[in-house]
S.K.: 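Questions regarding the structure given below will be posed in turn.
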Amino acid sequence: MLRAPTRLHRGPSRLFGPHVIPAAALAVALLSSLSGCSLLEREDSVVSALSSYFGTKTRYEDANPGLLPDPEAPRRDPELLEDTCTPVQLVALIRHGTRYPTAKQIRKLRQLHDLLQTRRPGEHRPAAADGRNLGAALADWPLWYADWMDGQLVEKGRQDMRQLALRLASLFPALFSRENYGRLRLITSSKHRCVDSGAAFLQGLWQHYHPGLPPPDVADMECGPPRINDKLMRFFDHCEKFLTEVEKNATALYHVEAFKTGPEMQKILNKVAATLQVPVNNLNADLIQVAFFTCSFDLAIKGIKSPWCDVFDIDDAKVLEYLNDLKQYWKRGYGYTINSRSSCTLFQEIFQHMDKAVEQKQRSQPVSSPVILQFGHAETLLPLLSLMGYFKDKEPLTAFNYKEQMHRKFRSGHIVPYASNLIFVLYHCKNAKNTKEEFQVQMLLNEKVLPLAHSQETVSLYEDLKNHYKDILQSCHTTEECESPKVNNTSDEL
Ligand SMILES: *[C@@H]1O[C@H](CO)[C@@H](O)[C@H](O)[C@H]1NC(C)=O
Ligand SMILES: *[C@@H]1O[C@H](CO)[C@@H](O)[C@H](O)[C@H]1NC(C)=O
């Protein structure tokens, strides 16, 4: 039996006593570690104004500004159930923490940097309209990204995970109890950034139980290291139909390509070409996007304001955010049915975990897996949220309705920033007279209660939730959904 307290932890935590490092001290340490950089500027209002438009490269704390003062203090959503209900199981899907740019992004950035370098020698251009020669400043700005970094988790990303672990452990003390530690189940995508995120999360939990003690190697922890399962966490790589119809299909992202050459982007291209004093023909939407991402990477990874941020204003940022969202929409969201249908197995497994916990609880057995932590990607979370009906706009996002979509629901920076997390909490509840037991479920997205897509209720009876999603639970079979019509090689077309 679980001897779990029924009340959830409330108020300021006593758990983070002596090892709390004030944010200011952290900032000083970070800045002094970077003092080699002559152009270093502290994060300022330009970058904080842009930072909510970074799409999938948004920092978790920019999607959750409440965390900024104290990232280790648990955020207790007032809608969370308590008193009459005991949490019995938690299944979390967690996107990896802050990461380096990918090799592809670094290549484009180098291309842009080279463009600025070749522009300079012998030219004495007038300063930019606002008095600064931004092109020169950018050519001097050290390109500190190297190929080996290729999408790996950065130290800030490990911190994202440790802090998330600390907050969740304080929020659900009964589930993350010391005695449950050995029963934690961790599953991860094979990508380094996800494996490392799982390990960092475990280190955060270690810190929770043993403040001040250095954590052991993950392999030596009671629950063992995260287990790799790409069929589950990278289902999109294993779905033939998705690969042929979307991933490898040159026309599937038509709206993304059309937007890149549309009037909104063209305006930015002209403006940036003038600011940097390079021919507009040498620039394209991809290079502009990578310049914008560099502003986001320098902020997220180093906590500094890159001069690249000065190239863009809020209106540009909104357009570039839309470009990012368009891609996510057509590749991971509602753009094509297969995007979300390819996540059916992941969805079903979550319910299988909860089914099992319900069964064990009904038999008064201990729940064998009270906490299941699954580490994946934005590309893991978005299809699943789409499958469940979340963030669906009335009209599709297209290359031609940027203005109409200004207030869209599908904003990836709000949904899947770094370290974003979708959590299912299964509760065992007794009514006041103790006559009836029932199981309820709440979902949390980025630690805020996510109302049910169909009813807007903040909690659901487990049976009702299963009933609502019964079509997916019963009739969506990934093997069938993902079967590509092209697999039939014997067709007479050949
Ligand atoms: C590629 O995408 C387009 C647009 O959705 C679609 O019409 C076409 O059938 C797709 N091609 C393949 C090979 O699936
Ligand atoms: C493949 O296509 C041929 C001809 O259209 C058809 O007779 C056969 O049943 C198909 N096989 C499968 C496995 O679908």
Side-chain angles (χ1 to χ4, degrees), residues 55-56 102 104-105 108 189 230-266 284-286 288-290 319-347 376-406 408-412 415-416 453 471-472 475-494:
T56 49
T102 59
K104 196 169 147 194
Q105 287 163 336
K108 282 183 200 163
S189 133
D230 275 348
K231 277 217 162 123
L232 205 57
M233 304 315 293
R234 293 181 61 82
F235 49 79
F236 42 89
D237 278 347
H238 296 264
C239 183
E240 199 53 45
K241 186 171 176 179
F242 170 75
L243 294 175
T244 36
E245 291 188 0
V246 185
E247 177 85 54
K248 297 179 189 161
N249 179 351
T251 53
L253 299 188
Y254 164 77
H255 286 284
V256 179
E257 296 308 315
F259 193 69
K260 283 182 184 173
T261 53
E264 291 88 358
M265 271 311 298
Q266 195 56 50
N284 58 46
D286 289 345
I288 298 289
Q289 197 174 28
V290 88
V319 171
L320 291 163
E321 181 200 25
Y322 190 66
L323 177 60
N324 195 232
D325 287 349
L326 262 184
K327 181 171 164 201
Q328 299 302 330
Y329 180 87
W330 290 97
K331 221 173 152 177
R332 311 294 173 183
Y334 293 101
Y336 299 105
T337 313
I338 189 60
N339 297 350
S340 57
R341 300 296 279 187
S342 58
S343 72
C344 283
T345 303
L346 179 62
F347 183 72
H377 307 265
E379 295 81 356
T380 316
L381 283 163
L382 278 178
L384 191 86
L385 286 164
S386 302
L387 186 70
M388 296 179 73
Y390 284 107
F391 307 108
K392 186 170 189 173
D393 294 289
K394 287 200 184 76
E395 297 295 324
L397 276 60
T398 75
F400 315 107
N401 62 5
Y402 167 71
K403 277 217 179 71
E404 291 79 356
Q405 293 289 8
M406 283 292 236
R408 64 190 175 280
K409 294 179 188 159
F410 197 87
R411 283 188 72 191
S412 52
I415 310 168
V416 283
D471 286 339
I472 304 171
S475 338
C476 182
H477 304 292
T478 301
T479 41
E480 287 164 27
E481 300 290 328
C482 288
E483 210 164 83
S484 178
K486 291 229 157 161
V487 291
N488 190 344
N489 286 328
T490 58
S491 112
D492 41 29
E493 280 171 42
L494 293 176

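Scope of the values below: all heavy atoms of this structure, side chains included, with no hydrogens, waters or symmetry mates. Whatever order the structure lists them in is the order used to number ligands and atoms, beginning at 1.
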S.K.: List the steps, then state whether salt bridge (Lys or Arg N to Asp or Glu O under 4.0 Å) holds for R408 with E321.
M.R.: CA-CA 12 Å; R408 64 190 175 280; E321 181 200 25; 3.4 Å; yes
S.K.: Show which atoms of ligand 1 fall inside a sub-4.0 Å distance from at least one heavy-atom site of Y336.
M.R.: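 Checking each atom against Y336, I get 4 (C), 5 (O).
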S.K.: Out of curiosity, L253 CG to K331 NZ, how far, rounded to the nearest 0.5 Å?
M.R.: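 Result: 6.0 Å between the selected atoms.
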S.K.: Under 4.0 Å from any heavy atom of T251, which atoms of ligand 1 are there?
M.R.: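 Heavy-atom distances to T251 below 4.0 Å select 1 (C), 2 (O), 3 (C).
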S.K.: Can Y254 be said to touch ligand 1, with heavy atoms closer than 4.0 Å?
M.R.: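 Flag not set, Y254 not near ligand 1.
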S.K.: Hey, could you give me each pair passing ring-ring contact (aromatic ring centres under 6.0 Å, His included) that has a residue in residues 319-345? Not counting sequence neighbours.
M.R.: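 Non-adjacent pairs meeting ring-ring contact (aromatic ring centres under 6.0 Å, His included): H255-W330, F259-Y322, Y322-Y402, Y329-F410, W330-Y336.
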S.K.: Drop me the distance from C344's SG to E481's CD, to the nearest 0.5 angstrom.
M.R.: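 If we round to the nearest 0.5 Å, C344:SG and E481:CD are 5.5 Å apart.
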